[in-house]
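Encoded as C-alpha coordinates, the structure appears first; notes follow it.
Just so you know, residue 1 is the first one in the sequence shown, and it goes up from there.
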Amino acid sequence: MTTPVLYLFGSAAPPVLDVAKVIEDAQERGFDVCLGLTPTAARWLDGRLLALAALTGHPVRSEYKTPGEPDVWPKADVIAVAPATFNTVNSWALGLTHDFVIGVVAEGVGKDIPILTMPCVNAAYVRHRQFERSVGELREMGVEVLYGEGGFVPNEPGRSRPEKYPWGLVLDTAERLVGSRGD
(Lines give C-alpha, C1' and ligand atoms only; values in the text may rest on other atoms or scores of the structure.)
Protein backbone atom coordinates (compact mmCIF):
# COMPACT_ATOMS: atom_id res chain seq x y z
CA MET A 1 0.00 0.00 0.00
CA THR A 2 1.38 3.40 -0.92
CA THR A 3 1.38 6.42 1.36
CA PRO A 4 -1.45 8.80 0.43
CA VAL A 5 -0.31 12.25 -0.67
CA LEU A 6 -2.00 15.25 0.91
CA TYR A 7 -1.57 18.65 -0.67
CA LEU A 8 -2.09 21.04 2.23
CA PHE A 9 -2.73 24.55 0.93
CA GLY A 10 -2.91 27.52 3.27
CA SER A 11 -4.02 31.12 2.88
CA ALA A 12 -2.96 34.10 4.97
CA ALA A 13 -5.20 33.70 8.00
CA PRO A 14 -3.85 33.32 11.55
CA PRO A 15 -4.26 29.50 11.77
CA VAL A 16 -1.66 29.08 8.98
CA LEU A 17 0.96 30.03 11.56
CA ASP A 18 0.37 26.61 13.18
CA VAL A 19 0.92 24.66 9.95
CA ALA A 20 4.02 22.80 11.20
CA LYS A 21 1.98 21.05 13.89
CA VAL A 22 -0.74 20.25 11.34
CA ILE A 23 1.86 18.71 9.03
CA GLU A 24 3.18 16.59 11.90
CA ASP A 25 -0.37 15.48 12.76
CA ALA A 26 -1.03 14.59 9.11
CA GLN A 27 2.22 12.61 8.94
CA GLU A 28 1.24 10.72 12.10
CA ARG A 29 -1.98 9.79 10.28
CA GLY A 30 0.11 8.35 7.45
CA PHE A 31 0.07 11.18 4.90
CA ASP A 32 2.95 12.33 2.72
CA VAL A 33 2.37 16.10 2.92
CA CYS A 34 3.19 18.72 0.28
CA LEU A 35 2.71 22.29 1.50
CA GLY A 36 1.48 25.05 -0.79
CA LEU A 37 0.85 28.62 0.30
CA THR A 38 -0.72 31.71 -1.15
CA PRO A 39 1.87 34.45 -1.74
CA THR A 40 0.85 36.35 1.40
CA ALA A 41 0.88 33.20 3.55
CA ALA A 42 4.37 32.41 2.20
CA ARG A 43 5.48 35.89 3.21
CA TRP A 44 4.04 35.37 6.71
CA LEU A 45 5.99 32.11 7.03
CA ASP A 46 9.11 33.30 5.20
CA GLY A 47 11.52 32.56 8.04
CA ARG A 48 10.13 29.02 8.42
CA LEU A 49 9.91 27.88 4.78
CA LEU A 50 13.16 25.89 4.80
CA ALA A 51 12.21 24.14 8.03
CA LEU A 52 8.75 23.36 6.62
CA ALA A 53 10.34 21.93 3.47
CA ALA A 54 12.60 19.75 5.64
CA LEU A 55 9.60 18.62 7.68
CA THR A 56 7.62 17.56 4.59
CA GLY A 57 10.55 16.38 2.50
CA HIS A 58 9.23 18.50 -0.40
CA PRO A 59 9.78 22.11 -1.44
CA VAL A 60 7.14 24.53 -0.17
CA ARG A 61 5.44 26.05 -3.21
CA SER A 62 3.70 29.38 -3.61
CA GLU A 63 4.39 30.08 -7.29
CA TYR A 64 3.70 28.35 -10.56
CA LYS A 65 6.60 26.43 -12.04
CA THR A 66 8.06 27.68 -15.30
CA PRO A 67 7.27 25.90 -18.60
CA GLY A 68 9.40 22.79 -18.96
CA GLU A 69 10.35 22.74 -15.29
CA PRO A 70 9.77 19.27 -13.79
CA ASP A 71 7.04 18.78 -11.22
CA VAL A 72 8.73 18.26 -7.85
CA TRP A 73 5.72 16.87 -5.99
CA PRO A 74 4.08 13.46 -6.22
CA LYS A 75 0.48 13.39 -7.48
CA ALA A 76 -2.15 14.30 -4.89
CA ASP A 77 -4.58 11.76 -3.48
CA VAL A 78 -6.45 14.53 -1.64
CA ILE A 79 -6.17 18.32 -1.38
CA ALA A 80 -7.05 20.35 1.71
CA VAL A 81 -7.32 24.13 1.43
CA ALA A 82 -7.20 25.45 4.97
CA PRO A 83 -7.30 28.05 6.20
CA ALA A 84 -9.12 29.47 3.18
CA THR A 85 -9.58 33.23 3.27
CA PHE A 86 -12.42 35.26 1.75
CA ASN A 87 -10.15 36.01 -1.22
CA THR A 88 -9.18 32.35 -1.72
CA VAL A 89 -12.77 31.06 -1.55
CA ASN A 90 -14.08 33.69 -3.95
CA SER A 91 -11.17 33.50 -6.40
CA TRP A 92 -11.45 29.72 -6.56
CA ALA A 93 -15.22 29.70 -7.07
CA LEU A 94 -14.92 32.32 -9.81
CA GLY A 95 -12.01 30.51 -11.51
CA LEU A 96 -9.55 33.36 -11.01
CA THR A 97 -6.29 31.41 -11.04
CA HIS A 98 -3.95 34.29 -10.30
CA ASP A 99 -1.83 32.25 -7.92
CA PHE A 100 -0.47 28.73 -7.62
CA VAL A 101 -2.82 27.46 -4.89
CA ILE A 102 -5.97 28.56 -6.74
CA GLY A 103 -4.66 27.21 -10.04
CA VAL A 104 -3.98 23.76 -8.59
CA VAL A 105 -7.35 23.43 -6.87
CA ALA A 106 -9.27 24.78 -9.86
CA GLU A 107 -7.59 22.16 -12.04
CA GLY A 108 -7.95 19.53 -9.30
CA VAL A 109 -11.73 19.78 -9.52
CA GLY A 110 -11.52 18.88 -13.22
CA LYS A 111 -9.14 16.02 -12.46
CA ASP A 112 -11.59 14.56 -9.92
CA ILE A 113 -9.09 14.80 -7.06
CA PRO A 114 -10.97 14.79 -3.74
CA ILE A 115 -10.79 18.33 -2.37
CA LEU A 116 -11.91 19.86 0.88
CA THR A 117 -11.71 23.36 2.20
CA MET A 118 -12.34 25.06 5.50
CA PRO A 119 -12.71 28.83 5.41
CA CYS A 120 -11.30 31.16 8.01
CA VAL A 121 -13.22 34.40 7.66
CA ASN A 122 -14.85 36.80 10.05
CA ALA A 123 -18.59 37.44 10.24
CA ALA A 124 -18.29 40.76 8.38
CA TYR A 125 -16.85 39.02 5.32
CA VAL A 126 -19.58 36.38 5.25
CA ARG A 127 -22.20 39.12 5.08
CA HIS A 128 -20.87 39.94 1.61
CA ARG A 129 -23.25 38.21 -0.81
CA GLN A 130 -20.48 36.74 -2.93
CA PHE A 131 -19.13 34.60 -0.11
CA GLU A 132 -22.25 32.42 0.24
CA ARG A 133 -22.48 32.19 -3.55
CA SER A 134 -18.87 31.02 -3.69
CA VAL A 135 -19.38 28.42 -0.95
CA GLY A 136 -22.41 27.12 -2.86
CA GLU A 137 -20.49 27.06 -6.14
CA LEU A 138 -17.61 25.08 -4.61
CA ARG A 139 -20.07 22.58 -3.12
CA GLU A 140 -21.77 22.19 -6.51
CA MET A 141 -18.35 21.41 -8.02
CA GLY A 142 -17.95 18.56 -5.51
CA VAL A 143 -15.64 20.32 -3.05
CA GLU A 144 -16.34 19.41 0.55
CA VAL A 145 -16.70 22.78 2.30
CA LEU A 146 -16.35 22.58 6.08
CA TYR A 147 -18.27 25.72 6.90
CA GLY A 148 -21.20 26.39 9.19
CA GLU A 149 -22.56 23.86 11.64
CA GLY A 150 -20.08 21.00 11.88
CA GLY A 151 -17.30 23.10 10.34
CA PHE A 152 -15.79 26.54 10.73
CA VAL A 153 -18.07 29.14 12.31
CA PRO A 154 -16.98 32.76 11.79
CA ASN A 155 -16.13 35.11 14.65
CA GLU A 156 -16.98 38.77 14.82
CA PRO A 157 -14.20 41.02 13.43
CA GLY A 158 -11.35 41.48 15.92
CA ARG A 159 -12.28 38.35 17.88
CA SER A 160 -10.00 35.88 16.15
CA ARG A 161 -9.33 32.59 17.93
CA PRO A 162 -6.73 30.82 15.75
CA GLU A 163 -6.10 28.25 18.48
CA LYS A 164 -9.74 27.12 18.11
CA TYR A 165 -9.49 26.54 14.35
CA PRO A 166 -10.65 22.90 13.93
CA TRP A 167 -7.60 21.47 12.17
CA GLY A 168 -8.54 17.97 13.33
CA LEU A 169 -11.71 18.17 11.26
CA VAL A 170 -9.63 19.00 8.17
CA LEU A 171 -7.44 15.93 8.67
CA ASP A 172 -10.38 13.67 9.59
CA THR A 173 -12.10 14.71 6.35
CA ALA A 174 -8.94 14.17 4.30
CA GLU A 175 -8.66 10.65 5.73
CA ARG A 176 -12.31 9.94 4.91
CA LEU A 177 -11.96 11.25 1.35
CA VAL A 178 -8.85 9.16 0.70
CA GLY A 179 -10.56 6.10 2.21
CA SER A 180 -13.64 6.57 0.05
CA ARG A 181 -11.52 6.54 -3.13
CA GLY A 182 -10.76 2.87 -2.58
CA ASP A 183 -14.43 1.89 -2.20
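Minimum interatomic distance between Val170 and Met118 (heavy atoms only, all atoms of both residues): CG2-CE, 3.1 Å. Of all the heavy atoms in Asp77 and Pro4, the pair that sits closest is OD2-CA, 3.2 Å. Residues Pro59 and Val72 approach most closely at CG-CG2, 3.6 Å, considering heavy atoms. Of all heavy-atom pairs between Tyr64 and Thr97, the closest is OH-O, 3.0 Å. Counting all heavy atoms, side chain and backbone alike, Ser11 lies closest to Val16 at O-CB, 3.4 Å. Smallest separation of non-hydrogen atoms from Pro154 and Ala123: CB-N, 3.7 Å.
Under a 3.5 Å cut-off, the side chain of Thr56 and the backbone N or O of Cys34 do not form any donor-acceptor pair.
Put simply, the side chain of Asn87 reaches to within 4.5 Å of the side chain of His98, judged on heavy atoms. Using a 4.5 Å heavy-atom threshold, the side chains of Val104 and Tyr7 count as touching. Inter-residue side-chain proximity for Pro119 and Phe131 is flagged as met; some heavy-atom pair is nearer than 4.5 Å. Looking only at side-chain heavy atoms (C-beta outward), Asn90 and Ser134 come within less than 4.5 Å of each other. Side-chain contact between Leu177 and Leu116: present, with at least one pair of heavy atoms (C-beta onward) separated by less than 4.5 Å. Using a 4.5 Å cut-off on side-chain heavy atoms (C-beta onward), Glu144 and Ile115 make no contact. Counting heavy atoms from C-beta on, the side chains of Thr117 and Trp92 come closer than 4.5 Å. Inter-residue side-chain proximity for Leu52 and Leu45 is flagged as met; some heavy-atom pair is nearer than 4.5 Å.
Classification of the Trp167-Tyr165 ring pair by plane angle, with boundaries at 30° and 60°, yields perpendicular.
Salt-bridge check for Lys21 with Asp25: passed, with a basic side-chain N closer than 4.0 Å to an acidic carboxylate O.
When the side chain to side chain donor-acceptor pair (under 3.5 Å) test is applied to Tyr147, the partners found at least two apart in sequence or on another chain are Glu132.
Applying the 6.0 Å contact sphere to CG of Leu50 captures no more than 12 heavy atoms from other residues, nucleotides or ligands. Within a 6.0 Å radius of NZ in Lys164, other residues, nucleotides and ligands contribute 12 heavy atoms or fewer. Other residues, nucleotides and ligands contribute over 12 non-hydrogen atoms within 6.0 Å of the CD atom of Glu24.
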Item to complete: Check the pair Phe31, Glu175 against side-chain contact (heavy atoms from CB on, under 4.5 Å), reporting the backbone distance first and the verdict last.
Response: CA-CA 9 Å; Phe31 283 107; Glu175 285 182 314; 3.7 Å; yes

Worksheet item: Can you list the steps and then say if Val33 with Leu55 is a side-chain contact (heavy atoms from CB on, under 4.5 Å)?
Response: CA-CA 9 Å; Val33 181; Leu55 179 62; over 6 Å; no

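A side-chain donor from one of Thr88 and Thr85 sits under 3.5 Å from a side-chain acceptor of the other. Between the side chains of Thr66 and Glu69, a donor-acceptor pair is found at a separation under 3.5 Å. Counting only N and O atoms by type, the side chains of His58 and Asp32 include a donor and acceptor under 3.5 Å apart.
Ile79 pairs in a side-chain contact (heavy atoms from CB on, under 4.5 Å) with only one of the listed residues (Ile113, Leu6, Val109), which is Ile113. When the options Val178, Val78, Leu146 are evaluated for a side-chain contact (heavy atoms from CB on, under 4.5 Å) with Thr173, the one that passes is Leu146.
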